[in-house]
Amino acid sequence: MNWIWKLCINNMKKRKTRTVLTILGVVIGVISIVSLLAVGIGVKEELMTDIEKSGGAKQIIVTGVNEGKNRTHMLTDAKMEDFRKIDNVTGVYPELQIPTDGLVYGKYRCYTSVTAVPASYMEKLTLINGSLPDPDANKPELLFSKDALYFLYNDTSEKSYYETYEDDEEKLNLTGERLNTEIPVGENVKKDQFRITGMVEGYDIYCDIDCAKKYLKKISKGNPIPGQPLKADNTGYREWIYDTAIVEVDDIENVDRVADIIQDMGFYPQSEKEYVESMQKESKRLQIMLGGIGMIALVVAVIGIGNTMTTAVYDRINEIGMLKVLGCDTDDLLMMFLLESGILGGIGGLIGILSSYGITELFINRLAVKVMEYPKGTRLAIIPPWLALSAFFFAVVLGVLAGFFPAKWAAKLRPIDAVQKR
């Protein structure tokens, strides 16, 4: 077997230009198919991550009415209990929006509400830095979502806080900082400072709902509670009316059934199940399309290997005849040419995979992300281990297949024919 390896290596060294060009063709083909499939995988992963940030496919966002005489369609604590009794429901989390006239951090201001949720819901959030708010604090403490840094905007520089400090991780961590808040209370505005206890993944600014209720009652002082609906006589309700509720289901297959039950109760359920299923179908189509485009380049490379091996056979007819005369059997000759074509495919596949990692990381995950102004850290191209291994295996197999017919012809060649052709 050693002599077969030596002959293969010597032949490739002897025809360096042809060998390099053949390997280069395989490299380009592998880069094409791996990089394009990596883009399809990366885009799908980013979309799924965004869905998880916004709630996930197993969650139903329930909206009720906040006005009128019919309280049966308002989201109250009693309705939360009704939702919990539905089969396959694993969690119910009311959301209370604290209205603000502005949230200010230094020179940056954002006009958004603070979302008050139960502590059990905040425990499910992905904590990046810091800790969860204290539900027994005198005033709400905040969890600030990383992507909410885009909402903090400087009118002078015309840049968001994130765009200003995107290369400074310490600046992007607001844990321990205080946010100036302006909450409308009747005809007045209550100005206060809320401490940020931690940073989380997502888009919202959270606080503990029990602490928020106590605080809103305290600052209202006889005025309507901020954010709460009013009766026809401009008085508030005795119980809390929630803006929305998150209903968590045990399995995505049960989402539609639970949503139908909630709708029959007079509420407006929304889920991302259909969007997720549609997105998955589209991502599969995208991957097939991108993979098909890359496959064209790889097929061209395989044709190049076939051409190289065919030429190598014709160039080495005399050598084949000599080997047959010396007693080399058909299987050994077949193995020699198949091994050579497999080596060409393997070397090209390995270089192509390593090059794909560099190209996707440098040009797609860094340069393209920056040019298209995606958040720092966005990965538009991902090469999972199975893709790299499959590409290498595919390159070797296709290389062997490309050299099969030339190798078969060489193995069947009779010594007398080889001498005559020479």
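Every value quoted in this text rests on a predicted model; they were computed, and no experiment measured them. When reading the values below, keep in mind they use all heavy atoms of this one structure, side chains included, and skip hydrogens, waters and symmetry mates.
Of the possible donor and acceptor atoms, none in the side chain of Thr181 sits under 3.5 Å from a partner among the backbone N and O of Leu103. A donor-acceptor pair under 3.5 Å links the side-chain atoms of Lys139 to the main chain of Gln193, judged by distance alone. Under the 3.5 Å distance criterion, the side-chain polar atoms of Asn223 are matched with a main-chain donor or acceptor of Ser220. With Arg109 contributing its side chain and Asp155 its backbone, the two residues share no donor-acceptor pair below 3.5 Å. Between the side chain of Thr360 and the main chain of Tyr357, a donor-acceptor pair closer than 3.5 Å is present. A distance-only check finds no donor-acceptor pair linking the side chain of Ser145 to the backbone of Ala148 [under 3.5 Å]. Not one N or O on the side chain of Gln228 forms a donor-acceptor pair closer than 3.5 Å with the backbone of Trp240. Without hydrogens or angle criteria, Thr244 side chain to Thr63 main chain gives no donor-acceptor distance under 3.5 Å.
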Show your working on side chain to side chain contact (heavy atoms under 4.5 Å, CB included) between Ile246 and Ile61 and close with a plain yes or no.
CA-CA 5 Å; Ile246 299 173; Ile61 308 300; 3.9 Å; yes
Determine, stepwise, if the pair Tyr215 / Asn138 fulfils side chain to side chain donor-acceptor pair (under 3.5 Å).
CA-CA 7 Å; Tyr215 179 78; Asn138 293 326; over 6 Å; no
Worked check of side chain to side chain contact (heavy atoms under 4.5 Å, CB included) between Asn180 and Lys191:
CA-CA 7 Å; Asn180 294 317; Lys191 293 185 177 181; over 6 Å; no
List the steps and the verdict of side chain to side chain contact (heavy atoms under 4.5 Å, CB included) for Asp192 and Ile183.
CA-CA 8 Å; Asp192 209 335; Ile183 302 175; over 6 Å; no
Given side chain to side chain contact (heavy atoms under 4.5 Å, CB included), test Asn365 with Leu380 step by step and report yes or no.
CA-CA 6 Å; Asn365 290 334; Leu380 292 178; 4.2 Å; yes
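For Tyr105, the ring pair (Phe, Tyr, Trp, His ring centres under 6.0 Å) partners are Tyr161, not counting sequence neighbours. For Tyr93, the ring pair (Phe, Tyr, Trp, His ring centres under 6.0 Å) criterion is met by Tyr121, not counting sequence neighbours.
One finds the CG atom of Leu172 at 8.5 Å from the CG atom of Asp167 (value rounded to the nearest 0.5 Å). With rounding to the nearest 0.5 angstrom, the CD1 atom of Ile262 is 4.5 Å from the CD1 atom of Ile86. In this structure, Arg195 CZ and Glu141 CD are separated by 4.5 Å, a value rounded to the nearest 0.5 Å. Rounded to the nearest 0.5 Å, atoms CG (Leu143) and OG1 (Thr197) are 4.5 Å apart. Taking CG from Leu142 and CG from Leu179, the interatomic distance works out to 6.0 Å, rounded to the nearest 0.5 Å. With rounding to the nearest 0.5 angstrom, the CG atom of Asn254 is 9.5 Å from the CG atom of Asp87.
Nearest heavy atom pair, residue Pro140 against residue Ala212, reads CG-CA, 4.2 Å. Of all the heavy atoms in Ile60 and Pro269, the pair that sits closest is CG2-CB, 3.6 Å. A pairwise comparison of heavy atoms in Leu149 and Ser160 identifies O-CB, 4.0 Å as the closest pair. In terms of heavy-atom proximity, Ala388 sits nearest to Ile353 at O-CD1, 3.0 Å. Of all the heavy atoms in Met122 and Leu132, the pair that sits closest is O-CD2, 3.7 Å. Considering every non-hydrogen atom in both Pro99 and Gly227, the closest pair reads CG-N, 3.7 Å.
For the pair Thr90 and Val249, the minimum side-chain heavy-atom distance is 4.5 Å or more. Between Lys79 and Tyr242 the shortest side-chain heavy-atom distance does not fall below 4.5 Å. Using a 4.5 Å cut-off on side-chain heavy atoms (C-beta onward), Val89 and Phe83 make no contact. Contact of the Leu344 side chain with the Val26 side chain is not registered, since no non-hydrogen atoms from C-beta on lie closer than 4.5 Å. Side chains of Pro118 and Pro94 form a contact here, defined as non-hydrogen atoms less than 4.5 Å apart. At a threshold of 4.5 Å between non-hydrogen side-chain atoms, the residues Thr156 and Lys107 do not count as touching.
No donor-acceptor contact under 3.5 angstrom links the side chains of Tyr237 and Thr76, judged on distance only. At a cut-off of 3.5 Å, with distance as the only test, no side-chain donor of Glu95 or Thr115 sits close to an acceptor on the other residue. Between Asn173 and Thr175, the side chains place a donor N or O and an acceptor N or O closer than 3.5 Å (distance only, hydrogens not considered). No side-chain N or O of Glu201 forms a donor-acceptor pair with one of Thr126 less than 3.5 Å apart.
When each of Thr112, Val200, Thr100 is paired with Ile205, the side-chain contact (heavy atoms from CB on, under 4.5 Å) condition holds for Thr112 and for no other. The only option from Tyr153, Tyr203, Phe151, Tyr150 that meets the ring-ring contact (aromatic ring centres under 6.0 Å, His included) definition with Tyr162 turns out to be Tyr150. Screening Lys58, Lys124, Arg84 for a salt bridge (Lys or Arg N to Asp or Glu O under 4.0 Å) involving Glu248 leaves a single residue, Lys124.
Ion pairing between a basic and an acidic side chain is recognised when a charged N comes within 4.0 Å of a carboxylate O; Glu361 and Arg379 show such pairing.
Around atom NZ of Lys213, more than 12 heavy atoms belonging to other residues, nucleotides or ligands sit under 6.0 Å away.
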